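For reference, the structure is listed below as structure tokens.
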Amino acid sequence: MSDAAVPMLWSGDLGATLAFYRTLGWTVTHEQTRPYAYGVVEGHGTALHFSPAPGGVELPLEHVAALLLVDDVADRHAKFTAALRTAYGKIPVKGCPRITRFRPGQSRFTLVDPVGNTLLVIQRDEPESLEYGGSRELEGLPRVLDNARIFRDFKNDDRAATRALETGLRRFGATASATDLARAYAALAELAVAAGDSDRLNHWKSELNTLNLTSEERASLATDAAAPDQLNAWLSMTE
């Protein structure tokens with residue numbers, strides 16, 4: 001026999017909390033209000049338990065409550081966003097509840113429930129270590145791009161990612177390859193979409209369009225170049 005750890009999350013309004021997780025595909029397997037409130041949801045071999053917050057705690061108070069390891073993080077994000085849009089008429093990306101955006105190749109995203117419980121949903125085979133500052137195997141702008149990716153995709157820190165890229169372009173832009181410049185401009189354009197900054201979006205898209213790229217290079221950059229429009233389309237479903 002092996003031990004098992006079960007996440008114990010705060011419930012707030014227990015009925016509303018359980019309804020939220022039911023919307024996302026979990027099954028409510030236990031719900032009681034007396035002699036104290038307590039609930040359990042189960043799904044995909046995982047159970048989450050809910051009890052009242054400690055006395056004196058004002059909800060919602062966002063806090064990382066659990067790590068949820070999944071086999072296909074992209075599929076789970078797609079299912080969660082579809083369920084949230086059906087339930088709320090839009091995809092909630094601010095306040096509680098909300099879900100963070102997802103890029104192709106990303107290995108995690110964040111789900112925040114109505115109480116503020118934060119679930120980090122992570123690809124089961126995600127690399128165990130991250131090299132903040134960028135991979136030591138890279139140099140110049142490629143290393144900056146890797147560092148910005150970590151800020152954006154793992155820390156949900158778009159401001160830090162933007163600062164890293166802009167600083168990197170000032171330091172290495174003059175000697176960087178056209179494809180690396182294209183990746184940096186596309187990343188900054190996507191970050192501008194996330195920030196709702198149309199001026200910066202137009203600027204970085206213009207910079208991207210002025211690059212002299214071969215057809216092969218453009219093909220290799222298709223995913224990067226499409227990211228701002230894909231995010232824009234996703235965000236349009238949040239309004």
Side-chain angles (χ1 to χ4, degrees), residues 7 20-27 41-48 62 64-113 117-132 134-135 142 145-158 160-162 165 182-184 186-195 218-239:
F20 173 79
Y21 285 93
R22 187 187 289 114
T23 293
L24 295 175
W26 274 281
T27 299
V41 298
E42 297 184 17
H44 303 282
T46 299
L48 301 175
E62 293 182 32
V64 176
L67 305 181
L68 183 63
L69 304 182
V70 302
D71 292 327
D72 189 338
V73 69
D75 179 71
R76 192 62 59 87
H77 186 272
K79 289 178 178 176
F80 281 178
T81 53
L84 290 169
R85 189 181 185 195
T86 298
Y88 294 92
K90 63 179 182 179
I91 301 171
V93 294
K94 296 180 180 180
C96 300
R98 73 175 184 276
I99 190 170
T100 58
R101 70 187 189 275
F102 187 84
R103 289 170 50 92
Q106 198 169 318
S107 60
R108 61 172 61 187
F109 66 90
T110 300
L111 175 73
V112 182
D113 74 9
N117 295 308
T118 299
L119 274 63
L120 297 181
V121 186
I122 303 174
Q123 182 75 30
R124 195 179 301 277
D125 58 357
E126 179 188 85
E128 294 184 2
S129 62
L130 296 172
E131 293 186 70
Y132 289 98
S135 171
L145 284 160
D146 189 55
N147 187 39
R149 174 186 63 85
I150 292 170
F151 279 127
R152 182 193 60 213
D153 297 348
F154 290 85
K155 300 295 289 183
N156 289 326
D157 193 339
D158 287 350
T162 299
L165 287 167
R183 290 189 176 95
L188 283 164
E190 186 197 31
L191 289 163
V193 172
R218 290 189 182 279
S220 70
L221 293 165
T223 298
D224 298 89
D229 290 336
Q230 290 174 344
L231 176 58
N232 207 18
W234 188 76
L235 288 173
S236 69
M237 294 187 287
T238 71
E239 299 175 351

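Keep in mind the model is a prediction, meaning the values are calculated, not measured.
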Just how far is it from atom [atom1] of [X] to atom [atom2] of [Y], taken to the nearest 0.5 Å?
X: Ile91; Y: Thr86; atom1: CD1; atom2: OG1; result: 9.5 Å
X: Asp113; Y: Arg98; atom1: CG; atom2: CZ; result: 10.5 Å
X: Phe109; Y: Leu68; atom1: CZ; atom2: CG; result: 7.5 Å
X: Glu62; Y: Thr118; atom1: CD; atom2: OG1; result: 5.5 Å
X: Asp157; Y: Thr162; atom1: CG; atom2: OG1; result: 9.0 Å
X: Asp146; Y: Glu131; atom1: CG; atom2: CD; result: 7.5 Å

Heavy-atom closest pair, residues [X] and [Y]:
X: Trp234; Y: Ile99; answer: CH2-O, 3.8 Å
X: Pro92; Y: Pro97; answer: CB-O, 3.2 Å
X: Leu165; Y: Ala187; answer: CD1-CB, 3.7 Å
X: Ala161; Y: Ala148; answer: CB-O, 3.6 Å

Determine whether [X] and [Y] make a side-chain contact, defined as any pair of heavy atoms from C-beta on separated by less than 4.5 Å.
X: Arg101; Y: Leu231; answer: yes
X: Leu119; Y: Leu48; answer: yes
X: Arg152; Y: Asp158; answer: yes
X: Leu111; Y: Phe20; answer: yes
X: Leu24; Y: Val41; answer: no

Pairing residues for Tyr21 by the ring-ring contact (aromatic ring centres under 6.0 Å, His included) criterion, not counting sequence neighbours: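 Only Trp26, Phe50 meet the ring-ring contact (aromatic ring centres under 6.0 Å, His included) criterion with Tyr21.
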According to salt bridge (charged side-chain N to carboxylate O under 4.0 Å, His left out), does anything in residues 103-112 pair up with another residue at least two apart or in another chain? List the pairs.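 Sorted result for residues 103-112: Arg103-Glu190, Arg108-Glu126.
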side-chain contact (heavy atoms from CB on, under 4.5 Å) between Phe154 and Arg149, intermediate numbers included: CA-CA 8 Å; Phe154 290 85; Arg149 174 186 63 85; 3.4 Å; yes
Any sub-3.5 Å donor-acceptor pair from Gln123's side-chain atoms to Leu69's backbone N or O?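 No; zero donor-acceptor contacts below 3.5 Å.
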N/O donor to acceptor pairs below 3.5 angstrom from side-chain atoms of residues 73-85, sequence neighbours left out:
unit_1, atom_1, unit_2, atom_2, d
Asp75, OD2, Lys79, NZ, 3.1
His77, NE2, Thr100, O, 2.7
Thr81, OG1, His77, O, 3.0
Thr81, OG1, Ala78, O, 2.9

